[in-house]
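Everything on this sheet refers to the single structure shown next.
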Amino acid sequence: MSRITPVADTQNEYRKLPSVDVFLRRAEVAALLVEFGLEQVADALRGLLDESRAAIQKGEGAPDQTLLMAWLTDRLQQSSQPSLRGIINATGVIIHTNLGRAPLSTAARRAIQSAATGYNNLEYDIDAGERGSRHTHARELLRQLTGAEDALVVNNNAGAVFLVLSALCAGKEVIISRGELVEIGGGFRIPDVLRQSGAKLVEVGTTNRTHPRDFADAIRGETGALMRVHASNFQQIGFVTKPSLAELVQIAQKVEWPGPPPVIDDLGSGTLLDTAPFGLSPEPTVQQSIAAGADIVTFSGDKLLGGPQAGLVVGKAELIDKIRRHPLTRALRVDKLTLAGMEATLQAYRRGRAVAEIPVWQMIAANPESLRARAESWRDRLAGAGLTAEVIPGQSTVGGGSLPGETLPTYLLALSIPHPDASAARLRQAQLPVIGRIQQERLLFDPRTVLPEQEEALIAAIIAEAGQV
Ligand SMILES: *Cc1c(COP(=O)(O)O)cnc(C)c1O
C-alpha cells in the first residue's frame, strides 16, 4: 500500500471508509464478483479496510474509493495466481531440478490431456472385460527398449531405490563401495535410504579405490545384494578405480550357496540414448546395464529420459514380480497422467524419434550455430527497441544429476545493465518469470533452454525491464 498523507482528524478519516456492503454494491465491483466470487472479494475488502483503519490510527489518511478499488483488484489478482506456474528457463541448464526438470514432448502432453479428460482402462482389461493392472501399461515398451525381462513404473527413482531395497534386501546385507555412498540432493542419501529399507549397509573399499575382491571378500550368507550407485552429480579424478558392473555380476555368479545375490544398479538419470554423439562423455545406458547382467536397474523418468516424474525399475522377471507384490508398490504407484506421459515418451524412443521429439534431447542436440542465430535474432529485436546487447559464446549444462562437469558450447545474449541483481529480480516478477544467469555484471540468457514459443514473452520482458533502467 502506498502511504497516504498524514492528517490530524482521525475520526473524520475513519468515517470516510466505506462499509463492506455498500462498497460491494458499486458497479465496478460487479466484474470482480463474477471473477473471484463474493466470499473472496468480501474477505479481501475486509482485510484492506482493517489495514486502512490501522493506518489511520497511525495518523495516515483514508484511501479514497478509487484507490481502494485498485488495491482490491490487485490483491485479488495476486491471491488467485497459482503457486505452481510456468517460467522461462534461460539458464542453459537443461534438466533443472528447481525448474521442473524435463519439459514434456507434444505427444506426452497430448496423451496426458487425453488421459485426464475422460475415463480410461487404467486398471481394466478391455479384452477380458474385467479388472486389469495399471502395471501393464508401460511394461512392454520398457522391455523392448531396455532388453530387460520385466519392468515396473513407480513415483520417482528415490522411491524406486527404496522399494527395491525394501522388497529384496530387508534384513539382509547390501554391499556398496565407499566411493558410492552418495547424497543425490534433497536429502536423499544412499546410506540413509538403505537403513530405512531395513537392509544392512556393508561398505567396502575406500573413497577413491574399490577392487572386485573387496566385494568378493564381503559376500556371506546374509548378503542381500551387491549394489552400484551411479555418481550422478560429482566426478572423481586421479587415483581412482572401482569394479565394472560386469565384474560385480561375475562375482555374484560365483556364489554357490545360497545362490548368486542380485546385482542392483541405480543409474540415477539413466539414458536410453548414447550421449557421446552429442559431444558429451558417455553416460551409462540402461541397455548396457541390462546387457552386463544387472538383475535390477533403477532410473528416473524425468532426467535424461525426458518424460514425466517417475522411477523406472527394470530387470529379472522373478525379482520384479517380488517387488511388484511388495506393499510399498501400492504406496509408490503412479497415476494415469504419469503413465500416459511415460508411454508417449517411450513411444518416441521406439519410433527412433527421441532426438527429434523429446525436448531434453532437442536441447542437447541443438547445434551452436542455430543457437547463435536465435541469440542474434533476440539481439536484433532488442536493438529495434533501442537496447544494446551482445551475443557471446558460453556453455550450457545438462544438469539434473547427470553428466557432472560436462558442458555444451552455446551462444548467450548478454545484457550489460547497471544493477544486474535488481534487474534479475524484476525479471522474475514478469508475467512469465524469466530466470537467467548473472556473470561479471551482465545478465545472460541462453537460447538452448528457452522454448521457441516463449521467445516473444522473453523479449517483451527484457525490453520492459531494460527500458525502465
Ligand atoms: C536423481 C537420482 C536419484 C533420485 O531420482 P529421483 O527421480 O529424483 O527420485 C537416485 N539415484 C541417483 C543415482 C540419482 O542420480
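In listed order, ligands and their atoms are each counted from 1. Treat the numbers as computed from the prediction; the structure is a model and nothing was measured.
Short contacts between ligand 1 and F188, defined as distances under 4.0 Å to a heavy atom of the residue, involve ligand atoms 10 (C). Distances below 4.0 Å separate heavy atoms of H230 from the following atoms of ligand 1: 13 (C). Below 4.0 Å from some heavy atom of N156 lie the following atoms of ligand 1, by number and element: 7 (O), 9 (O). For ligand 1, the atoms sitting less than 4.0 Å from at least one non-hydrogen atom of R101 are 6 (P), 7 (O), 8 (O), numbered in the order shown with element in parentheses.
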Show your reasoning for whether salt bridge (charged side-chain N to carboxylate O under 4.0 Å, His left out) applies to K336 and E123.
CA-CA 10 Å; K336 59 191 176 186; E123 290 188 353; over 6 Å; no
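S300 OG, 2.6 Å is the protein heavy atom nearest to atom 7 (O) of ligand 1. Regarding atom 12 (C) of ligand 1, its nearest protein heavy-atom neighbour is G268 CA, 3.2 Å. Shortest contact from atom 13 (C) of ligand 1 to any protein heavy atom: S232 OG, 3.1 Å.
Below 3.5 Å of separation, one finds an N or O of N157 facing an N or O of ligand 1. Here's the thing with D266: one of its N/O atoms is less than 3.5 angstrom from an N/O atom of ligand 1. For ligand 1, the polar-atom distance check finds an N/O of A158 within less than 3.5 Å of one of the ligand's N/O atoms.
A salt bridge does not link D150 with R143: none of the charged nitrogens is closer than 4.0 Å to a carboxylate oxygen. R381 has a carboxylate O that lies under 4.0 Å from a charged side-chain N of E456, or vice versa, which qualifies the two as a salt bridge.
L165 is listed as a side-chain neighbour of V161, based on a closest heavy-atom distance under 4.5 Å.
Of the N and O atoms on the side chains of R101 and Q309, not one donor lies less than 3.5 Å from an acceptor on the other residue.
Neither the backbone nor the side chain of R228 has a heavy atom within less than 4.0 Å of ligand 1.
Using 4.0 Å as the threshold, K303 has a heavy atom nearer than that to some atom of ligand 1.
Stacking of R209 on the aromatic ring of F239 is recorded, both the 6.0 Å distance cut-off and the 45° axial limit being met.
Side-chain atoms of R134 come within 3.5 Å of backbone N or O of V334 as a donor-acceptor pair. Within the 3.5 Å criterion, the main-chain N or O of I87 finds a donor-acceptor partner in the side chain of Q454.
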